[in-house]
Amino acid sequence: MEVMTDEKKKYTDSGIEIKPVYDKSDLSGTDDSLPGSFPFTRGIQADMYRGRQWTMRQYAGFSTAEESNKRYHYLLSQGVMGLSVAFDLPTQIGYDSDHAMAEGEVGKVGVAIDSIQDMETLFNGIKLQDVSTSMTINATGFILLAFYTAMAKKQGSDLTKITGTIQNDILKEYAARGTYIYPPAPSMRIITDIFEWCASELPKWNTISISGYHIREAGSTAVQEIAFTLSNGKAYVQAALERGLDINVFGKRLSFFFNAHNNLFEEVAKFRAARRMWAAIMKELGATDPKAMMLRFHTQTGGSTLTAQQPLNNISRVTIQTLAAVLGGTQSLHTNGYDEALSLPTEEAARIALRTQQIAAYESGVADTADPLAGSYFVEALTREVEEAAWKVIQKIDAMGGSVSAIEQGYIQDEIARSAYEYQRQIENGSKVIVGLNKFQVSDDQPIPGFKIDDSIRHIQAEKLKTLRNNRNPAKVDNILQQLNDRASNGGNIMQIVVEAAEHHCTLGEIADTLREVFGEHK
(Lines give C-alpha, C1' and ligand atoms only; values in the text may rest on other atoms or scores of the structure.)
Protein backbone atom coordinates (compact mmCIF):
# COMPACT_ATOMS: atom_id res chain seq x y z
CA MET A 1 0.00 0.00 0.00
CA GLU A 2 1.37 3.39 -1.00
CA VAL A 3 1.39 5.87 1.86
CA MET A 4 0.85 9.55 1.11
CA THR A 5 3.47 11.95 2.42
CA ASP A 6 2.89 15.46 3.64
CA GLU A 7 5.77 17.69 4.65
CA LYS A 8 3.48 19.99 6.61
CA LYS A 9 1.90 18.46 9.69
CA LYS A 10 -1.82 18.90 10.36
CA TYR A 11 -3.47 19.19 13.75
CA THR A 12 -6.98 19.34 15.14
CA ASP A 13 -8.00 22.45 17.06
CA SER A 14 -6.97 20.61 20.26
CA GLY A 15 -3.47 20.04 18.91
CA ILE A 16 -3.91 16.33 18.11
CA GLU A 17 -1.75 15.47 15.10
CA ILE A 18 -3.67 14.17 12.07
CA LYS A 19 -1.93 11.52 10.00
CA PRO A 20 -2.01 11.75 6.19
CA VAL A 21 -4.02 8.52 6.04
CA TYR A 22 -5.60 6.05 8.46
CA ASP A 23 -6.03 2.30 8.05
CA LYS A 24 -7.34 -0.72 9.95
CA SER A 25 -4.39 -0.68 12.33
CA ASP A 26 -5.89 2.52 13.76
CA LEU A 27 -8.93 0.57 14.95
CA SER A 28 -7.00 -1.14 17.73
CA GLY A 29 -8.74 -0.62 21.05
CA THR A 30 -11.96 0.44 19.35
CA ASP A 31 -15.12 0.09 21.40
CA ASP A 32 -17.30 -2.37 19.45
CA SER A 33 -20.46 -1.90 21.54
CA LEU A 34 -23.76 -1.15 19.82
CA PRO A 35 -25.78 2.06 20.18
CA GLY A 36 -27.90 1.95 23.32
CA SER A 37 -25.41 -0.27 25.16
CA PHE A 38 -22.79 0.63 27.79
CA PRO A 39 -20.56 2.63 27.46
CA PHE A 40 -22.83 4.37 24.90
CA THR A 41 -20.00 5.51 22.62
CA ARG A 42 -22.30 5.10 19.63
CA GLY A 43 -25.33 6.76 21.17
CA ILE A 44 -27.77 6.35 24.04
CA GLN A 45 -30.61 4.83 21.97
CA ALA A 46 -30.40 1.64 19.96
CA ASP A 47 -32.16 3.19 16.95
CA MET A 48 -31.19 6.83 17.64
CA TYR A 49 -33.10 9.25 15.38
CA ARG A 50 -35.16 6.54 13.67
CA GLY A 51 -36.88 6.10 17.04
CA ARG A 52 -36.90 9.70 18.21
CA GLN A 53 -35.80 12.82 16.38
CA TRP A 54 -33.51 15.19 18.23
CA THR A 55 -35.42 18.09 19.80
CA MET A 56 -35.14 21.17 17.61
CA ARG A 57 -34.82 24.11 19.98
CA GLN A 58 -34.28 27.77 19.25
CA TYR A 59 -32.73 29.86 22.00
CA ALA A 60 -34.75 33.06 22.25
CA GLY A 61 -35.57 35.79 24.70
CA PHE A 62 -35.30 39.56 24.52
CA SER A 63 -36.94 42.75 25.68
CA THR A 64 -40.14 42.13 27.64
CA ALA A 65 -41.99 38.88 28.28
CA GLU A 66 -44.69 40.10 25.85
CA GLU A 67 -42.22 40.48 22.97
CA SER A 68 -40.48 37.16 23.66
CA ASN A 69 -43.86 35.40 23.83
CA LYS A 70 -44.58 36.54 20.25
CA ARG A 71 -41.26 35.03 19.08
CA TYR A 72 -42.04 31.74 20.89
CA HIS A 73 -45.41 31.43 19.17
CA TYR A 74 -43.73 32.14 15.84
CA LEU A 75 -41.04 29.51 16.40
CA LEU A 76 -43.60 26.91 17.50
CA SER A 77 -45.59 27.62 14.32
CA GLN A 78 -42.44 26.98 12.27
CA GLY A 79 -41.74 23.53 13.72
CA VAL A 80 -39.69 24.12 16.86
CA MET A 81 -40.20 21.20 19.28
CA GLY A 82 -38.89 22.80 22.46
CA LEU A 83 -38.39 26.30 23.77
CA SER A 84 -35.07 27.59 25.09
CA VAL A 85 -35.20 30.77 27.16
CA ALA A 86 -32.50 33.43 27.21
CA PHE A 87 -32.63 35.76 30.22
CA ASP A 88 -31.21 39.26 30.51
CA LEU A 89 -28.16 39.94 32.65
CA PRO A 90 -30.00 41.41 35.69
CA THR A 91 -32.22 38.31 35.84
CA GLN A 92 -29.14 36.09 35.65
CA ILE A 93 -27.42 37.77 38.59
CA GLY A 94 -30.43 38.35 40.81
CA TYR A 95 -31.41 42.00 40.37
CA ASP A 96 -34.89 43.31 39.67
CA SER A 97 -35.18 45.55 36.59
CA ASP A 98 -35.57 48.70 38.72
CA HIS A 99 -32.36 48.05 40.69
CA ALA A 100 -29.50 50.48 40.09
CA MET A 101 -27.26 47.59 39.00
CA ALA A 102 -29.72 46.78 36.15
CA GLU A 103 -29.24 50.15 34.45
CA GLY A 104 -28.54 49.72 30.71
CA GLU A 105 -28.95 45.94 30.70
CA VAL A 106 -32.70 45.30 31.02
CA GLY A 107 -33.97 43.11 28.18
CA LYS A 108 -30.71 43.39 26.22
CA VAL A 109 -29.24 39.86 26.00
CA GLY A 110 -32.41 38.06 26.99
CA VAL A 111 -35.85 38.55 28.46
CA ALA A 112 -36.37 40.39 31.76
CA ILE A 113 -38.17 38.21 34.34
CA ASP A 114 -38.84 39.91 37.68
CA SER A 115 -41.77 37.88 39.03
CA ILE A 116 -44.22 35.06 38.39
CA GLN A 117 -46.34 37.58 36.47
CA ASP A 118 -43.56 38.03 33.89
CA MET A 119 -43.20 34.26 33.64
CA GLU A 120 -46.95 33.89 33.01
CA THR A 121 -46.78 36.52 30.27
CA LEU A 122 -43.74 34.80 28.73
CA PHE A 123 -45.68 31.55 28.34
CA ASN A 124 -49.10 33.04 27.65
CA GLY A 125 -51.08 30.70 25.37
CA ILE A 126 -48.56 27.85 25.77
CA LYS A 127 -49.54 24.75 27.74
CA LEU A 128 -46.53 23.69 29.77
CA GLN A 129 -47.41 20.01 29.53
CA ASP A 130 -47.17 20.28 25.73
CA VAL A 131 -43.64 21.73 25.47
CA SER A 132 -40.19 21.00 26.82
CA THR A 133 -38.61 24.19 28.16
CA SER A 134 -34.91 24.75 28.61
CA MET A 135 -33.82 27.74 30.68
CA THR A 136 -30.25 29.00 30.39
CA ILE A 137 -29.94 30.28 33.92
CA ASN A 138 -27.46 29.45 36.67
CA ALA A 139 -27.09 31.51 39.84
CA THR A 140 -30.83 32.26 39.89
CA GLY A 141 -31.87 28.98 38.25
CA PHE A 142 -33.67 27.86 41.40
CA ILE A 143 -35.81 31.03 41.38
CA LEU A 144 -36.79 30.71 37.72
CA LEU A 145 -37.63 27.05 38.30
CA ALA A 146 -39.83 28.13 41.21
CA PHE A 147 -41.62 30.70 39.01
CA TYR A 148 -42.13 28.02 36.32
CA THR A 149 -43.43 25.50 38.87
CA ALA A 150 -45.82 28.01 40.45
CA MET A 151 -47.09 28.91 36.99
CA ALA A 152 -47.57 25.24 36.07
CA LYS A 153 -49.60 24.76 39.25
CA LYS A 154 -51.81 27.74 38.31
CA GLN A 155 -52.34 26.20 34.86
CA GLY A 156 -53.50 22.99 36.55
CA SER A 157 -50.63 21.02 35.04
CA ASP A 158 -49.61 17.63 36.38
CA LEU A 159 -46.13 18.38 37.76
CA THR A 160 -45.08 14.77 37.20
CA LYS A 161 -45.47 15.39 33.44
CA ILE A 162 -43.66 18.73 33.20
CA THR A 163 -40.41 18.37 31.21
CA GLY A 164 -37.49 20.67 30.68
CA THR A 165 -34.08 21.69 31.94
CA ILE A 166 -32.46 24.44 33.94
CA GLN A 167 -28.78 24.94 33.21
CA ASN A 168 -27.99 25.36 36.92
CA ASP A 169 -24.24 24.80 36.36
CA ILE A 170 -22.52 27.27 38.66
CA LEU A 171 -18.97 25.86 38.49
CA LYS A 172 -18.47 26.92 34.89
CA GLU A 173 -19.63 30.42 35.89
CA TYR A 174 -16.65 30.74 38.23
CA ALA A 175 -14.34 29.28 35.59
CA ALA A 176 -15.52 30.86 32.36
CA ARG A 177 -18.60 33.07 32.34
CA GLY A 178 -19.01 35.13 35.52
CA THR A 179 -22.75 35.25 36.26
CA TYR A 180 -22.44 33.97 39.83
CA ILE A 181 -23.88 35.45 43.03
CA TYR A 182 -23.03 33.29 46.04
CA PRO A 183 -19.72 31.60 46.99
CA PRO A 184 -19.09 28.03 45.76
CA ALA A 185 -20.16 26.15 48.92
CA PRO A 186 -23.68 27.61 49.26
CA SER A 187 -24.09 27.51 45.48
CA MET A 188 -23.37 23.77 45.50
CA ARG A 189 -25.83 23.40 48.36
CA ILE A 190 -28.60 25.09 46.33
CA ILE A 191 -27.91 22.74 43.42
CA THR A 192 -28.23 19.65 45.62
CA ASP A 193 -31.44 21.15 47.09
CA ILE A 194 -32.79 21.25 43.54
CA PHE A 195 -31.74 17.64 42.88
CA GLU A 196 -33.46 16.49 46.08
CA TRP A 197 -36.66 18.52 45.62
CA CYS A 198 -37.17 17.68 41.94
CA ALA A 199 -36.78 13.94 42.60
CA SER A 200 -40.14 14.02 44.41
CA GLU A 201 -41.89 17.09 42.92
CA LEU A 202 -40.73 17.32 39.27
CA PRO A 203 -39.48 13.81 38.48
CA LYS A 204 -39.14 14.39 34.69
CA TRP A 205 -37.28 17.69 35.01
CA ASN A 206 -33.58 17.72 34.12
CA THR A 207 -32.12 19.34 37.21
CA ILE A 208 -28.84 20.46 35.68
CA SER A 209 -27.29 20.94 32.27
CA ILE A 210 -23.58 20.64 32.90
CA SER A 211 -22.18 23.05 30.38
CA GLY A 212 -19.09 22.85 28.24
CA TYR A 213 -20.58 25.39 25.86
CA HIS A 214 -19.42 28.48 27.73
CA ILE A 215 -16.06 26.90 28.52
CA ARG A 216 -15.52 26.53 24.77
CA GLU A 217 -16.84 30.03 24.07
CA ALA A 218 -14.26 31.36 26.55
CA GLY A 219 -11.49 29.84 24.44
CA SER A 220 -10.93 26.22 25.48
CA THR A 221 -10.09 23.44 23.06
CA ALA A 222 -12.46 20.54 22.34
CA VAL A 223 -10.44 18.29 24.66
CA GLN A 224 -10.55 20.85 27.48
CA GLU A 225 -14.27 21.38 26.91
CA ILE A 226 -15.15 17.79 27.74
CA ALA A 227 -12.43 17.36 30.40
CA PHE A 228 -13.50 20.43 32.40
CA THR A 229 -17.20 19.71 31.90
CA LEU A 230 -17.01 16.08 33.00
CA SER A 231 -14.90 17.11 36.00
CA ASN A 232 -17.59 19.60 36.98
CA GLY A 233 -20.14 16.82 36.54
CA LYS A 234 -18.17 14.63 38.95
CA ALA A 235 -18.22 17.43 41.52
CA TYR A 236 -22.01 17.74 41.33
CA VAL A 237 -22.48 13.97 41.64
CA GLN A 238 -20.14 13.79 44.62
CA ALA A 239 -22.01 16.66 46.33
CA ALA A 240 -25.31 14.84 45.80
CA LEU A 241 -23.85 11.59 47.14
CA GLU A 242 -22.62 13.42 50.25
CA ARG A 243 -26.22 14.62 50.74
CA GLY A 244 -27.29 10.96 50.71
CA LEU A 245 -29.11 11.09 47.37
CA ASP A 246 -29.46 7.97 45.20
CA ILE A 247 -27.15 8.14 42.17
CA ASN A 248 -29.48 5.85 40.23
CA VAL A 249 -32.30 8.38 40.71
CA PHE A 250 -30.66 11.80 40.30
CA GLY A 251 -28.20 10.41 37.75
CA LYS A 252 -31.04 9.97 35.25
CA ARG A 253 -31.88 13.69 35.44
CA LEU A 254 -28.39 15.00 34.73
CA SER A 255 -27.86 16.41 31.25
CA PHE A 256 -25.00 18.13 29.45
CA PHE A 257 -24.64 21.09 27.12
CA PHE A 258 -21.87 21.13 24.52
CA ASN A 259 -20.59 23.41 21.79
CA ALA A 260 -20.22 22.45 18.13
CA HIS A 261 -17.36 24.05 16.21
CA ASN A 262 -16.15 23.76 12.62
CA ASN A 263 -13.61 20.92 12.83
CA LEU A 264 -16.23 18.32 11.87
CA PHE A 265 -14.40 15.12 12.72
CA GLU A 266 -12.88 16.33 16.00
CA GLU A 267 -16.32 17.49 17.14
CA VAL A 268 -17.90 14.10 16.33
CA ALA A 269 -15.04 12.35 18.13
CA LYS A 270 -15.51 14.69 21.12
CA PHE A 271 -19.17 13.77 21.52
CA ARG A 272 -18.47 10.04 21.19
CA ALA A 273 -15.58 10.20 23.67
CA ALA A 274 -17.62 12.23 26.19
CA ARG A 275 -20.35 9.58 26.30
CA ARG A 276 -17.85 6.81 26.89
CA MET A 277 -16.03 8.75 29.59
CA TRP A 278 -19.17 9.77 31.50
CA ALA A 279 -20.41 6.17 31.55
CA ALA A 280 -17.10 5.13 33.11
CA ILE A 281 -17.21 8.00 35.65
CA MET A 282 -20.75 7.21 36.78
CA LYS A 283 -20.01 3.50 37.05
CA GLU A 284 -16.96 4.25 39.20
CA LEU A 285 -19.08 6.52 41.43
CA GLY A 286 -21.52 3.70 42.06
CA ALA A 287 -24.24 3.89 39.41
CA THR A 288 -25.72 0.51 38.46
CA ASP A 289 -28.73 1.61 36.38
CA PRO A 290 -27.62 2.07 32.73
CA LYS A 291 -29.89 5.11 32.37
CA ALA A 292 -27.95 6.84 35.14
CA MET A 293 -24.73 6.28 33.16
CA MET A 294 -26.00 7.77 29.89
CA LEU A 295 -24.62 11.14 28.85
CA ARG A 296 -27.59 13.00 27.37
CA PHE A 297 -26.70 16.35 25.85
CA HIS A 298 -27.96 19.46 24.14
CA THR A 299 -25.77 21.15 21.54
CA GLN A 300 -25.56 24.76 20.42
CA THR A 301 -23.58 25.79 17.39
CA GLY A 302 -20.51 27.87 18.19
CA GLY A 303 -21.23 31.55 18.76
CA SER A 304 -17.52 32.38 18.87
CA THR A 305 -17.02 30.87 15.39
CA LEU A 306 -19.35 33.40 13.76
CA THR A 307 -17.85 36.40 11.99
CA ALA A 308 -19.19 39.93 11.64
CA GLN A 309 -17.36 40.02 8.30
CA GLN A 310 -19.39 38.47 5.44
CA PRO A 311 -22.03 37.26 7.91
CA LEU A 312 -23.90 35.14 5.36
CA ASN A 313 -20.88 32.79 5.45
CA ASN A 314 -22.09 31.88 8.95
CA ILE A 315 -24.94 29.88 7.42
CA SER A 316 -22.32 27.46 6.06
CA ARG A 317 -20.52 27.33 9.41
CA VAL A 318 -23.76 26.56 11.26
CA THR A 319 -24.53 23.81 8.72
CA ILE A 320 -21.18 22.10 9.36
CA GLN A 321 -21.74 22.40 13.12
CA THR A 322 -25.26 20.98 12.78
CA LEU A 323 -23.86 17.93 11.01
CA ALA A 324 -21.22 17.51 13.73
CA ALA A 325 -23.87 17.54 16.46
CA VAL A 326 -26.19 15.11 14.67
CA LEU A 327 -23.41 12.74 13.56
CA GLY A 328 -22.16 12.91 17.16
CA GLY A 329 -25.55 11.85 18.54
CA THR A 330 -27.00 14.95 20.21
CA GLN A 331 -30.41 14.80 21.94
CA SER A 332 -31.37 18.40 21.17
CA LEU A 333 -29.93 21.24 19.14
CA HIS A 334 -30.02 25.01 18.82
CA THR A 335 -28.62 26.53 15.64
CA ASN A 336 -27.35 30.12 15.73
CA GLY A 337 -28.56 32.87 13.42
CA TYR A 338 -26.10 34.09 10.80
CA ASP A 339 -26.31 37.63 12.22
CA GLU A 340 -25.46 36.82 15.86
CA ALA A 341 -21.94 38.28 15.62
CA LEU A 342 -23.74 41.59 15.10
CA SER A 343 -26.85 41.48 17.31
CA LEU A 344 -29.61 39.28 18.64
CA PRO A 345 -30.97 37.23 15.72
CA THR A 346 -33.65 38.73 13.52
CA GLU A 347 -36.76 36.66 12.80
CA GLU A 348 -35.40 35.83 9.33
CA ALA A 349 -32.06 34.64 10.72
CA ALA A 350 -33.81 32.51 13.35
CA ARG A 351 -35.97 30.92 10.67
CA ILE A 352 -32.97 30.07 8.45
CA ALA A 353 -31.20 28.58 11.47
CA LEU A 354 -34.21 26.36 12.21
CA ARG A 355 -34.51 25.37 8.53
CA THR A 356 -30.86 24.27 8.66
CA GLN A 357 -31.81 21.67 11.28
CA GLN A 358 -34.90 20.62 9.36
CA ILE A 359 -32.97 20.15 6.11
CA ALA A 360 -30.39 18.03 7.94
CA ALA A 361 -33.19 15.96 9.50
CA TYR A 362 -35.40 15.43 6.47
CA GLU A 363 -33.22 15.83 3.38
CA SER A 364 -29.63 14.83 4.16
CA GLY A 365 -30.02 11.20 5.29
CA VAL A 366 -27.68 11.69 8.27
CA ALA A 367 -30.45 10.67 10.68
CA ASP A 368 -31.34 7.42 8.93
CA THR A 369 -28.94 5.15 10.82
CA ALA A 370 -27.31 5.26 14.25
CA ASP A 371 -23.73 6.57 14.48
CA PRO A 372 -23.05 6.52 10.71
CA LEU A 373 -19.35 7.39 11.11
CA ALA A 374 -18.63 4.37 13.35
CA GLY A 375 -15.88 2.20 11.93
CA SER A 376 -14.19 5.08 10.14
CA TYR A 377 -10.47 4.58 10.69
CA PHE A 378 -10.04 8.32 11.27
CA VAL A 379 -13.08 8.89 13.52
CA GLU A 380 -12.41 5.85 15.71
CA ALA A 381 -8.73 6.78 16.14
CA LEU A 382 -9.62 10.40 16.87
CA THR A 383 -12.29 9.37 19.40
CA ARG A 384 -9.64 7.37 21.26
CA GLU A 385 -7.06 10.19 21.11
CA VAL A 386 -9.54 12.84 22.30
CA GLU A 387 -10.53 10.56 25.18
CA GLU A 388 -6.93 9.85 26.19
CA ALA A 389 -6.06 13.55 26.15
CA ALA A 390 -9.17 14.45 28.18
CA TRP A 391 -8.45 11.78 30.83
CA LYS A 392 -4.99 13.33 31.37
CA VAL A 393 -6.61 16.70 32.13
CA ILE A 394 -9.18 15.11 34.48
CA GLN A 395 -6.41 13.28 36.34
CA LYS A 396 -4.65 16.63 36.93
CA ILE A 397 -7.88 18.11 38.31
CA ASP A 398 -8.49 15.07 40.52
CA ALA A 399 -4.96 15.46 41.92
CA MET A 400 -5.86 19.03 42.91
CA GLY A 401 -8.91 17.80 44.83
CA GLY A 402 -11.52 18.11 42.08
CA SER A 403 -13.13 20.90 40.09
CA VAL A 404 -14.03 23.23 42.96
CA SER A 405 -10.43 23.20 44.20
CA ALA A 406 -9.03 23.53 40.66
CA ILE A 407 -11.24 26.58 40.06
CA GLU A 408 -10.26 28.12 43.41
CA GLN A 409 -6.59 27.64 42.48
CA GLY A 410 -7.20 29.26 39.06
CA TYR A 411 -6.02 26.21 37.12
CA ILE A 412 -9.05 25.86 34.84
CA GLN A 413 -9.26 29.60 34.17
CA ASP A 414 -5.54 29.75 33.32
CA GLU A 415 -5.76 26.79 30.94
CA ILE A 416 -8.72 28.31 29.10
CA ALA A 417 -6.93 31.65 28.83
CA ARG A 418 -3.80 29.95 27.49
CA SER A 419 -5.77 28.14 24.79
CA ALA A 420 -7.68 31.29 23.85
CA TYR A 421 -4.42 33.20 23.48
CA GLU A 422 -2.89 30.49 21.28
CA TYR A 423 -5.98 30.37 19.04
CA GLN A 424 -5.92 34.16 18.60
CA ARG A 425 -2.20 34.06 17.86
CA GLN A 426 -2.79 31.51 15.08
CA ILE A 427 -5.47 33.73 13.53
CA GLU A 428 -3.21 36.76 13.64
CA ASN A 429 -0.20 34.96 12.09
CA GLY A 430 -2.42 33.36 9.45
CA SER A 431 -1.73 29.72 10.35
CA LYS A 432 -5.45 29.41 11.23
CA VAL A 433 -7.60 30.57 8.33
CA ILE A 434 -10.96 32.18 9.10
CA VAL A 435 -12.69 32.82 5.79
CA GLY A 436 -13.59 36.49 5.37
CA LEU A 437 -11.67 37.51 8.49
CA ASN A 438 -7.97 36.90 7.81
CA LYS A 439 -8.27 35.54 4.25
CA PHE A 440 -10.63 36.02 1.30
CA GLN A 441 -11.73 39.42 2.57
CA VAL A 442 -13.86 41.79 0.51
CA SER A 443 -13.75 45.56 0.54
CA ASP A 444 -17.47 46.14 -0.06
CA ASP A 445 -19.04 43.95 2.63
CA GLN A 446 -22.64 45.13 2.87
CA PRO A 447 -23.92 45.83 6.39
CA ILE A 448 -26.80 43.69 7.63
CA PRO A 449 -29.45 45.43 9.74
CA GLY A 450 -29.30 44.17 13.33
CA PHE A 451 -32.00 43.52 15.88
CA LYS A 452 -32.30 46.50 18.24
CA ILE A 453 -33.66 46.59 21.81
CA ASP A 454 -35.31 49.82 22.97
CA ASP A 455 -33.92 51.34 26.18
CA SER A 456 -37.49 52.02 27.34
CA ILE A 457 -37.76 48.38 28.48
CA ARG A 458 -36.40 49.23 31.94
CA HIS A 459 -39.14 51.80 32.48
CA ILE A 460 -41.82 49.31 31.39
CA GLN A 461 -40.48 46.69 33.82
CA ALA A 462 -40.18 49.21 36.65
CA GLU A 463 -43.85 50.19 36.23
CA LYS A 464 -44.85 46.49 36.34
CA LEU A 465 -42.86 46.05 39.56
CA LYS A 466 -44.47 49.12 41.14
CA THR A 467 -47.94 47.77 40.36
CA LEU A 468 -47.01 44.29 41.65
CA ARG A 469 -45.72 45.64 44.97
CA ASN A 470 -48.78 47.83 45.46
CA ASN A 471 -51.23 44.98 44.87
CA ARG A 472 -49.70 42.14 46.94
CA ASN A 473 -49.97 41.38 50.65
CA PRO A 474 -46.82 42.90 52.24
CA ALA A 475 -47.20 40.95 55.50
CA LYS A 476 -47.25 37.63 53.61
CA VAL A 477 -44.23 38.71 51.57
CA ASP A 478 -42.25 39.63 54.71
CA ASN A 479 -43.27 36.37 56.39
CA ILE A 480 -42.26 34.08 53.54
CA LEU A 481 -38.93 35.88 53.02
CA GLN A 482 -38.18 35.49 56.73
CA GLN A 483 -38.99 31.78 56.46
CA LEU A 484 -36.55 31.57 53.53
CA ASN A 485 -33.87 33.32 55.59
CA ASP A 486 -34.42 30.90 58.48
CA ARG A 487 -34.39 27.82 56.27
CA ALA A 488 -31.21 28.92 54.50
CA SER A 489 -29.57 29.67 57.85
CA ASN A 490 -30.42 26.31 59.44
CA GLY A 491 -29.33 24.18 56.49
CA GLY A 492 -32.74 22.92 55.33
CA ASN A 493 -33.86 22.48 51.71
CA ILE A 494 -34.99 25.90 50.45
CA MET A 495 -36.86 24.93 47.26
CA GLN A 496 -40.42 24.56 48.58
CA ILE A 497 -40.21 27.94 50.32
CA VAL A 498 -38.89 29.59 47.14
CA VAL A 499 -41.91 28.20 45.24
CA GLU A 500 -44.20 29.63 47.92
CA ALA A 501 -42.38 32.97 47.69
CA ALA A 502 -43.09 32.97 43.93
CA GLU A 503 -46.77 32.26 44.63
CA HIS A 504 -46.87 35.20 47.08
CA HIS A 505 -45.50 37.50 44.34
CA CYS A 506 -42.04 37.96 45.81
CA THR A 507 -39.69 39.28 43.14
CA LEU A 508 -36.56 37.61 41.85
CA GLY A 509 -34.41 40.32 43.43
CA GLU A 510 -36.08 39.99 46.83
CA ILE A 511 -35.50 36.23 46.90
CA ALA A 512 -31.88 36.59 45.73
CA ASP A 513 -31.20 39.37 48.26
CA THR A 514 -32.63 37.31 51.13
CA LEU A 515 -30.05 34.65 50.37
CA ARG A 516 -27.30 37.26 49.89
CA GLU A 517 -27.87 38.15 53.55
CA VAL A 518 -27.27 34.53 54.57
CA PHE A 519 -24.63 33.33 52.09
CA GLY A 520 -22.82 36.52 51.13
CA GLU A 521 -21.53 37.22 47.62
CA HIS A 522 -18.62 35.66 45.75
CA LYS A 523 -15.92 38.19 44.91
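Numbers for residues simply follow the sequence, beginning at 1.
Under 3.5 Å, the side chains of Arg458 and Gln461 contain no donor-acceptor pair of N or O atoms. A side-chain donor from one of Glu66 and Thr64 sits under 3.5 Å from a side-chain acceptor of the other. At a cut-off of 3.5 Å, with distance as the only test, no side-chain donor of Ser134 or Gln167 sits close to an acceptor on the other residue. Residues Thr346 and Asp339 bring a donor and an acceptor atom of their side chains to less than 3.5 Å of each other. Using a 3.5 Å distance cut-off with no hydrogens or angles, the side chains of Glu266 and Tyr11 do not pair a donor with an acceptor. Side-chain contact check for Asp13 and Tyr423: no donor-acceptor pair (N or O, by modelled atom type) lies under 3.5 Å.
Among Phe257, Tyr213, Phe271, Trp54, the one residue that satisfies the ring-ring contact (aromatic ring centres under 6.0 Å, His included) test with His298 is Phe257.
Ion pairing between Lys464 and Asp114 fails under the 4.0 Å rule for side-chain N and carboxylate O. For Arg384 and Glu387, the salt-bridge test fails: no basic side-chain N is under 4.0 Å from an acidic carboxylate O.
No donor-acceptor pair closer than 3.5 Å links the side chain of Arg57 to the backbone N or O of Leu333. Panel note: side chain Gln155, backbone Ile126; a donor-acceptor pair is recorded below 3.5 Å.
Note: Phe258 and Phe256 have parallel aromatic rings, judged against thresholds of 30 and 60 degrees for the angle between ring planes.
Nearest approach of Leu144 to Met135, heavy atoms of both residues: O-CE, 4.1 Å.
Pairs of residues two or more places apart, or lying in two chains, that qualify as ring pair (Phe, Tyr, Trp, His ring centres under 6.0 Å) and include a residue from residues 110-149 are Phe123-Tyr148, Tyr148-Trp205.
Using a 4.5 Å heavy-atom cutoff, the side chains of Arg253 and Leu202 are not in contact.
In this structure, Arg355 places its CZ atom where more than 12 heavy-atom neighbours from other residues, nucleotides or ligands lie under 6.0 Å away.
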